[in-house]
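Structure first, then comments.
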Amino acid sequence: MKISIASDHGGFELKEQIKKHFLSQGITLQDLGTHSADSCDYPDIAHKMVPAILNKNADLGILICGTGIGISIAANRFKGIRAAILYDDFTAEMAKKHNNANIMVFGGRTMKFEDVIRRINIFLNTEFEGGRHNTRLAKIEEGI
Ligand code: RB5
């Protein structure tokens with residue numbers, strides 16, 4: 001499974017920690033930036049992740065900004081993107097089970113590294129339930 005990761009400056013440190021953690025387990029995350037702690041605009045970062053997911057260059061994404069809010073709003077503007085802020089362990093499970101999220105979102109200024117790693121693992125180890133949830137996801141894609 002290919003996983004891409006990207007953050008703005010508010011999530012830079014957490015992004016680096018997550019990459020290092022997975023690398024120590026032999027898993028390389030594809031880093032789409034930002035590549036320093038210098039200030040940048042989170043929509044630009046979301047706009048790098050969106051094509052990676054939609055063009056299937058990555059199976060899943062991880063996006064991080066200061067709170068997770070701005071970058072998830074930016075990513076969710078695009079059809080086919082389901083970016084979910086995994087703000088606790090239950091949410092991490094449900095984001096896969098019911099929402100089949102394709103981007104996990106975290107807040108670099110609001111979440112602890114250990115919690116984030118645990119939530120990523122919960123998400124990766126949970127199956128999408130399908131069924132009635134497919135109907136609901138289809139309605140999201142249809143819009144109004
Ligand atoms: C950047 O200062 C900050 O606004 C951004 O990282 C994010 O928290 C926005 O939602």
Side-chain angles (χ1 to χ4, degrees), residues 1-138 140-141:
M1 170 178 300
K2 275 198 287 182
I3 303 178
S4 290
I5 188 167
S7 77
D8 74 353
H9 55 289
F12 178 70
E13 197 182 323
L14 180 58
K15 172 169 71 68
E16 295 304 305
Q17 288 178 307
I18 294 170
K19 271 168 45 188
K20 201 170 152 194
H21 170 84
F22 279 100
L23 197 56
S24 76
Q25 303 196 335
I27 300 164
T28 303
L29 304 184
Q30 183 193 14
D31 188 351
L32 304 180
T34 187
H35 298 293
S36 81
D38 295 346
S39 182
C40 62
D41 298 332
Y42 60 79
D44 295 336
I45 303 298
H47 296 167
K48 284 185 181 157
M49 178 63 77
V50 165
I53 299 294
L54 296 180
N55 300 333
K56 301 197 189 306
N57 294 326
D59 302 302
L60 279 175
I62 298 172
L63 279 176
I64 312 162
C65 66
T67 58
I69 296 172
I71 211 157
S72 58
I73 291 172
N76 278 320
R77 295 292 296 270
F78 295 87
K79 272 186 183 290
I81 295 295
R82 295 178 301 281
I85 303 180
L86 308 190
Y87 57 82
D88 62 18
D89 291 2
F90 179 66
T91 312
E93 183 186 343
M94 299 310 278
K96 173 63 85 54
K97 205 180 249 186
H98 285 189
N99 310 113
N100 200 20
N102 48 19
I103 300 179
M104 293 171 258
V105 184
F106 300 104
R109 294 173 179 157
T110 58
M111 298 180 189
K112 290 191 198 130
F113 166 70
E114 294 78 13
D115 292 337
V116 167
I117 294 298
R118 193 177 61 256
R119 290 172 204 164
I120 292 172
N121 286 325
I122 290 171
F123 182 90
L124 293 177
N125 290 315
T126 301
E127 296 288 324
F128 175 50
E129 269 182 7
R132 67 191 188 282
H133 301 295
N134 269 321
T135 310
R136 293 165 186 171
L137 296 186
I140 292 174
E141 293 309 311

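The structure presented is a predicted model; accordingly, all values stated were derived computationally and were not measured.
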Point to revise | Sequence neighbours excluded - salt bridge (Lys or Arg N to Asp or Glu O under 4.0 Å) pairs with any residue from residues 72-81 | key: none

Review point. According to the salt bridge (Lys or Arg N to Asp or Glu O under 4.0 Å) rule, which pairs have a member within residues 85-99, sequence neighbours left out?
Key: Asp89-Arg118, Asp89-Arg119, Glu93-Lys97

Point to revise | Smallest separation among heavy atoms of Lys2 and Asp59, with atom names | key: N-OD2, 2.6 Å

Revision key, fill the gap. Between Ala95 and Leu86 the two heavy atoms that sit nearest each other are CB-CD2, 3.5 Å

Point to revise | By ring pair (Phe, Tyr, Trp, His ring centres under 6.0 Å) - contacts of Phe78 (at least two apart) | key: His47

**Study point:** side-chain hydrogen bond (donor to acceptor under 3.5 Å, both in side chains) involving Ser4 - partner list, sequence neighbours excluded
**Key:** Gln30

Practice item. Only counting residues at least two apart or in another chain, list the ones meeting side-chain hydrogen bond (donor to acceptor under 3.5 Å, both in side chains) with Asp38. Key: Ser36

**Study point:** Those residues that, when tested against Ala6, pass side chain to side chain contact (heavy atoms under 4.5 Å, CB included) (two or more places apart)
**Key:** Leu32, Ile45, Met49, Leu63

Exercise for review: Using atom types as modelled and distance alone, determine if a side-chain donor or acceptor of Lys15 lies under 3.5 Å from a backbone N or O of Asp31.
Suggested key: no

Review point. Can you list the residues that meet the ring pair (Phe, Tyr, Trp, His ring centres under 6.0 Å) rule with His35, with sequence neighbours excluded?
Key: none

Point to revise | Contacts of Lys56 that satisfy side chain to side chain contact (heavy atoms under 4.5 Å, CB included) - sequence neighbours left out | key: none

**Study point:** Residue pairs passing the ring pair (Phe, Tyr, Trp, His ring centres under 6.0 Å) test where at least one lies in residues 50-75, sequence neighbours excluded
**Key:** none

Review point. By side chain to side chain contact (heavy atoms under 4.5 Å, CB included), which residues pair with Arg109, not counting sequence neighbours?
Key: His9

Review point. Can you list the residues that meet the side-chain hydrogen bond (donor to acceptor under 3.5 Å, both in side chains) rule with Glu16, with sequence neighbours excluded?
Key: Lys19

Point to revise | Exceeds 12 heavy-atom contacts within 6.0 angstrom, atom CD of Glu127 | key: no

Study note, to complete from the structure: With sequence neighbours left out, the residues meeting side chain to side chain contact (heavy atoms under 4.5 Å, CB included) with Asn134 are Phe128

